[in-house]
Amino acid sequence: MTGESGETSGRPDAADPIGAGGQLPPRPERVRVTAAGLGGPARPAFDLRSPAPAGRATEPSAVYVRSLIRSQLRLGISAAIGFVVATVAFVLVLALVPDLSAAVVFGVPASWLLLGFGLYPLALTVAVLYVRAAARNEARYRALTVDE
């Protein structure tokens with residue numbers, strides 16, 4: 001690359017990858033990077049056999065962890081099913097009552113307003129109830145592991 005005075009700047013030109021010597025620069029050797037070699041043998045992110053800190057892994061603590069996981073799974077599935085059932089029921093009511101589509105409020109069909117102002121609060125309510133119940137499950141788990 002030349003400047004206004006005709007001098008070359010020591011940087012290779014982006015349009016000329018070969019450079020002044022007429023040869024391509026040597027490519028760096030390829031290196032495979034894996035996480036397994038960093039901290040010892042590869043292991044799963046969460047091991048049910050040793051939920052407690054090193055040296056404290058006991059059979060009751062493994063049972064408590066499995067119980068917590070099962071309770072959180074049941075809670076998540078029940079919240080999802082409850083939300084889907086309530087949503088389907090809401091939509092069915094709107095479909096079975098055709099007068100709602102005929103009514104117009106501020107230029108918007110009433111059925112759209114009910115969907116907009118009915119489903120979002122429902123989703124928010126399910127989310128808040130789920131988070132509260134999940135926190136309760138985790139608090140019970142912590143109370144059990146502290147007493148151990």
Side-chain angles (χ1 to χ4, degrees), residues 1-4 8-19 24-25 27-148:
M1 187 184 303
T2 59
E4 289 180 11
T8 59
S9 63
R11 298 183 310 168
D13 191 3
D16 183 20
I18 295 178
L24 289 173
R27 288 188 173 184
E29 186 177 324
R30 291 184 132 201
V31 178
R32 174 180 274 181
V33 178
T34 61
L38 296 178
R43 63 178 200 264
F46 190 78
D47 191 7
L48 291 178
R49 291 169 296 185
S50 60
R56 285 193 40 209
T58 61
E59 185 60 32
S61 61
V63 171
Y64 293 153
V65 169
R66 283 192 295 269
S67 173
L68 174 65
I69 291 172
R70 278 194 309 268
S71 67
Q72 296 291 54
L73 178 63
R74 274 191 311 267
L75 177 63
I77 289 173
S78 64
I81 288 173
F83 177 72
V84 168
V85 167
T87 303
V88 167
F90 201 80
V91 171
L92 281 175
V93 166
L94 291 176
L96 295 175
V97 181
D99 293 337
L100 289 175
S101 296
V104 176
V105 180
F106 298 116
V108 179
S111 59
W112 287 18
L113 290 174
L114 290 174
L115 281 173
F117 292 110
L119 285 183
Y120 285 110
L122 173 68
L124 185 64
T125 302
V126 168
V128 167
L129 291 175
Y130 171 78
V131 168
R132 290 177 59 194
R136 233 183 356 256
N137 283 344
E138 291 172 4
R140 288 180 189 145
Y141 166 73
R142 280 194 296 279
L144 288 173
T145 57
V146 170
D147 293 340
E148 190 180 312

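What you see is a predicted model; the values in this text were computed from it and never measured. Counting begins at 1 with the first residue of the sequence.
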**Student:** Any pair with a residue in residues 70-98 that passes side-chain hydrogen bond (donor to acceptor under 3.5 Å, both in side chains), sequence neighbours left out, goes on the list, sorted by first then second residue, please.
**Tutor:**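 Matches after skipping sequence neighbours: Q72-N137, Q72-E138.
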
**Student:** Considering residues at least two apart in sequence or located in another chain, which fulfil the side-chain contact (heavy atoms from CB on, under 4.5 Å) criterion with L94?
**Tutor:** F90, L100, S111, L114, L115

**Student:** Taking all heavy atoms of L75 and all of A134, pick out the closest pair and write down the distance.
**Tutor:**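 Looking at all heavy atoms of both residues, the shortest contact is CD2-N, 3.4 Å.
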
**Student:** Under the rule for side-chain contact (heavy atoms from CB on, under 4.5 Å), what residues qualify as partners of L96, not counting sequence neighbours?
**Tutor:** none

**Student:** Where is the tightest heavy-atom contact between G116 and P121, given as atom of each residue plus distance?
**Tutor:** O-CD, 4.3 Å

